[in-house]
Q: 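Encoded as structure tokens, here's the structure I'll be asking about.
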Amino acid sequence: MAPAPWDSRPIVISGPSGVGKGTLVQKLFDEHPNTFAFTVSHTTHAPRVGEVEGRNYFFVDPLTFDDLVSQGAFVEHATFSGSRYGTSKKTISDQAAKGRVVVLDIEMHGVKQMKANPSIDARYIFIKSPSFEALEARLRGRGTEKDADIHKRLAQAKAEADYATTSGVHDKIIVNDDLQKAFEELEEFVFCWNKLA
Ligand SMILES: Nc1ncnc2c1ncn2[C@@H]1O[C@H](COP(=O)(O)OP(=O)(O)OP(=O)(O)O)[C@@H](O)[C@H]1O
């Protein structure tokens, strides 16, 4: 196991749905146990079967969620399918206090909110697909979405790709073509191995 990254700022991973973010992050967690941590989001959706307060989500009602937004408690928040989701500053600092490097897997709007907040210091990684066709094949191959949903995700993927290339907001862009190669690039960036050499 490698020593903990000397740059311990939160790592924000974004990229189109199906590009392989979850796969890469899971590998990072598996190969470096006790090094990284996810944050626990707040949500207004009711707990689903098996979801545990404080482990899967912090469950709050819409009014409490609004209060938290107005207090500036979230680094990013969004609405999906009628429910609200947010990442609190506290969940980040709680994990950091345990000595873990926090990893946030979020979509473009969340990245924009974080980038717009000067009090947030994080490292931003964009995972890119080798091609639009490869992305579509991965989404279909995963078999978790219906056709209409795949179209929505592909349309959103175009917006994500435009944002990633035009704004220069990301510290690192990794093309996930060959999984092992992409993982090695991710590791190198996260652990700053290039700077140690
Ligand atoms: N380099 C790769 N080559 C081929 N297939 C890959 C590669 N990386 C990931 N995949 C596959 O692509 C599919 C989508 O990956 P994954 O679920 O990790 O994407 P994601 O970016 O986390 O998506 P979402 O944002 O929707 O959760 C999975 O079936 C995964 O096994």
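Note that ligands are numbered from 1 as they come in the structure, with each ligand's atoms numbered from 1 the same way. When a residue number appears, it is its place in the shown sequence, counting from 1.
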Q: For atom 18 (O) of ligand 1, which of the options T23, L179, L24, D178 provides the nearest non-hydrogen atom?
A: T23

Q: Regarding K172 and the six-membered ring of Y124, is the cationic atom NZ or CZ under 6.0 Å from the ring centre and inside 45° of its axis?
A: no

Q: Which of the atoms in ligand 1, numbered in the order shown and given with their element, are less than 4.0 Å from a heavy-atom of P16?
A: 21 (O)

Q: Restricting to side-chain hydrogen bond (donor to acceptor under 3.5 Å, both in side chains), what partner residues turn up for D162, sequence neighbours left out?
A: none

Q: To which protein heavy atom is atom 19 (O) of ligand 1 closest, and what is the distance rounded to 0.1 Å?
A: G20 N, 3.1 Å

Q: Please write down residue, atom name and distance for the protein heavy atom closest to atom 26 (O) of ligand 1.
A: S17 OG, 2.6 Å

Q: Which distance, rounded to the nearest 0.5 Å, do you find between the NE2 of H77 and the CG of D66?
A: 9.5 Å

Q: What do you reckon, are the aromatic ring centroids of F74 and H42 less than 6.0 Å apart?
A: yes

Q: Please round to the nearest 0.5 Å and tell me the distance separating atom CG of D61 and atom OG1 of T44.
A: 9.0 Å

Q: What I want to find out is whether D171 reaches R123 closely enough, with some N-O distance under 4.0 Å, to be called a salt bridge.
A: no

Q: What is the nearest protein non-hydrogen atom to atom 25 (O) of ligand 1, stated with its residue, atom name and distance?
A: K21 NZ, 2.8 Å

Q: With rounding to the nearest 0.5 Å, note down the distance linking CG in L104 to CD in E76.
A: 7.0 Å

Q: So, does A134 sit close enough to ligand 1 that a heavy atom of it is under 4.0 Å from the ligand?
A: no

Q: Of all the atoms in ligand 1, which lie at a distance below 4.0 Å from a heavy atom belonging to D177?
A: 1 (N), 2 (C), 3 (N)

Q: Nearest to atom 14 (C) of ligand 1, what protein heavy atom do you find, and at what distance?
A: G18 O, 3.4 Å

Q: Which is closest to atom 24 (P) of ligand 1 by heavy-atom distance: R138, R142, R153?
A: R142

Q: What protein heavy atom sits nearest atom 8 (N) of ligand 1, and how far away is it?
A: N176 ND2, 3.0 Å

Q: For F126, what residues pass the ring pair (Phe, Tyr, Trp, His ring centres under 6.0 Å) criterion, not counting sequence neighbours?
A: H170

Q: Who's the nearest protein heavy-atom neighbour of atom 22 (O) of ligand 1, and how far?
A: G22 N, 2.7 Å

